Amino acid sequence: MTKLLRVVSPDGKYKEKDEPPLSEEELLKMYRYMMLTRALDTRGMALQRQGRIGFYVPSSGEEAVQIGSSFPLEPRDWIVPAYREQGAALLRGIPMAGIMAQLYGNEEDTAKGRQMPNHFTSRAAHFVPTSSPVGTQIPIAVGLGWAARIRGDNVVALGYFGDGATSQGDFHAAMNFAGLFQANTVFVCKNNQWAISVPFGNQTGTNEVAIKAQAYGFEGVRVDGNDVLAVYQASKEAIDKARFGGGPTLIEAVTYRMGPHTSSDDPTRYRDEAEVEKWRKKDPIVRFQRYLKEKGIWNEEMEVEIRQEAEAQVEEAVVRAEKRGLPSPATLFDDVYAEMPWHIKEAKEAFLEYLEKS
Ligand SMILES: Cc1ncc(C[n+]2csc(CCOP(=O)(O)OP(=O)(O)O)c2C)c(N)n1
Ligand SMILES: [Mg+2]
């Protein structure tokens, strides 16, 4: 079994020699973003239950993986996401209003309401559009990383995927290509123990993901995914290595999907509440809070302020999203061709005429 890297133990204790060199300000930024992600999650599920949005994909329990791995990235780097990376999207600079616009599919949504909720994208934030088919994003992360290597521009592509995605052919093709051509790619497998109702033990003949990198000729690292500093440390090393020609790394972040797969799922039908309870005790936000307290940079007052500020940001974005209209149906014809061909123009005109009459 590949050694599991850990910086902070579940009770918040740590050894100074293991700590990454992060300032107090940086540590608190990480904490704020983890709290913001959780606040968005709580509200996102509630909005779906209230019938105000159609669908939501919670990422509760996986905040440390998202924030720890995307924190060392530079603006010129790329994120190639799965569908459970709202924390990384926020940290990357997609504003809360943009996240909410996408959840509502309104006229402010950069995807113009054409995507399922939680499929955020932003060219400015270098956050590639999310693709729903499991694992299809992994070769894209390799393509971006390979292009960067050819250009020699020291850009890194970080691709996220789940444990379930490692059973897809795309994962293996991507890993093989990246190893052979030494792409500037970092693979982050969020092993949250479940692929909808399939437990990790039924996913693969190995009992971990990291070891698979060996077969493709590069390093696989296993990290405690509920320890934001361990994830940060492993990701920083992998990102620096990829940036300066050292080739790819596979990071397996061992974590847990605390909520349902999506708002359409009922996990009580296939997993034990005792297992969920066990992992709830390992909540990555609580662990980090204990660490910050241990270091003397956390107190109750601050906690209240951070929580309220996160909830207020979410609330403000909801109010704004609900004031906006839907995208115009005429936009349906945009964005496929750089220059609209005659037959699409004709179809658009006929459609607009139809809309006017009906
Ligand atoms: C090619 C493909 N097959 C099946 C599905 C249905 N599906 C959506 S998510 C999912 C499970 C993915 O699990 P994992 O990769 O572990 O990611 P997680 O949802 O746990 O974050 C499946 C089977 C799909 N979207 N695409
Ligand atoms: Mg999974």
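Counting starts at 1 for both ligands and their atoms, following the listed order. Treat the numbers as computed from the prediction; the structure is a model and nothing was measured.
- Backbone and side-chain nitrogen or oxygen atoms of Asn192 are examined, and one is located within less than 3.5 angstrom of a nitrogen or oxygen of ligand 1.
- Distances from atom 21 (O) of ligand 1 to the heavy atoms of Gln168, Arg84, Gln193 put Arg84 nearest.
- Scanning all protein heavy atoms for the shortest distance to atom 18 (P) of ligand 1 gives Tyr83 OH, 3.4 Å.
- The proximity of Arg257 to ligand 1, defined as any non-hydrogen pair under 4.0 Å, does not occur for either the backbone or the side chain.
- For Phe351 and Phe333, the ring centers are positioned less than 6.0 Å apart.
- Between Tyr104 and Arg52, some side-chain heavy-atom pair lies under the 4.5 Å cut-off.
- In Ala195, the parts holding a heavy atom less than 4.0 Å from any atom of ligand 1 are both the side chain and the backbone.
- In this pair, Phe161 and Phe187 present their aromatic rings perpendicular. The plane angle is above 60°, beyond the 30 to 60° band.
- Distance alone, capped at 3.5 Å, places no donor-acceptor pair between the Glu19 side chain and the Tyr14 backbone.
- Below 3.5 Å of separation, one finds no N or O of Glu62 facing any N or O of ligand 1.
- Taking the centre and axis of the six-membered ring of Trp342, the NZ or CZ atom of Lys345 falls outside the cone set by 45° and 6.0 Å.
- Of the charged side-chain nitrogens involved, at least one lies within less than 4.0 Å of a carboxylate oxygen, so that Arg32 and Glu305 count as a salt-bridged pair.
- At least one heavy atom of Trp194 sits less than 4.0 Å from an atom of ligand 1.
- Among Gln289, Lys293, Gln308, the single residue meeting the side-chain contact (heavy atoms from CB on, under 4.5 Å) criterion with Glu303 is Gln289.
- Of the protein's heavy atoms, at least one falls inside 4.0 Å of atom 25 (N) of ligand 1.
- The aromatic rings of Tyr291 and Phe288 lie parallel to each other, their planes meeting at an angle below 30°, with 60° marking the opposite boundary.
- Ligand 1 has a nitrogen or oxygen under 3.5 angstrom from a nitrogen or oxygen of Gly164.
- Near His261, with a cut-off below 4.0 Å to any heavy atom, the atoms of ligand 1 are 9 (S), 19 (O).
- Within the structure, the closest approach of Ala82 to ligand 1 does not fall below 4.0 Å when heavy atoms are considered.
- Under 4.0 Å is where a charged nitrogen must lie from a carboxylate oxygen, and between Lys278 and Glu275 no such pair does.
- Taking the six-membered ring where the residue is Trp, Trp78 and His126 present parallel rings, their angle staying beneath 30° rather than reaching 60°.
- Distances from atom 7 (N) of ligand 1 to the heavy atoms of Thr166, Asp265, Val57, Val134 put Val134 nearest.
- If you number the atoms of ligand 1 from 1 as listed, the ones under 4.0 Å from a heavy atom of Ala165 come out as 15 (O).
- Between Asp153 and Arg76 there is no salt bridge, since no side-chain nitrogen of the basic residue lies less than 4.0 Å from a carboxylate oxygen of the acidic one.
- Around the Mg ion (ligand 2), the protein contributes the following N, O or S atoms under 2.8 Å, ordered by chain and number: Asp163 OD1, Asn192 OD1, Trp194 O.
- Close approach of ligand 1 to Pro133 (heavy-atom distance below 4.0 Å) involves ligand atoms 26 (N).
- Protein heavy atom in closest approach to atom 11 (C) of ligand 1: Ile196 CG1, 3.7 Å.
- The distance between the ring centers of Phe127 and Phe120 does not fall below 6.0 angstrom.
- In this structure, Tyr270 and Trp194 have tilted ring planes: the angle between them lies in the 30° to 60° band.
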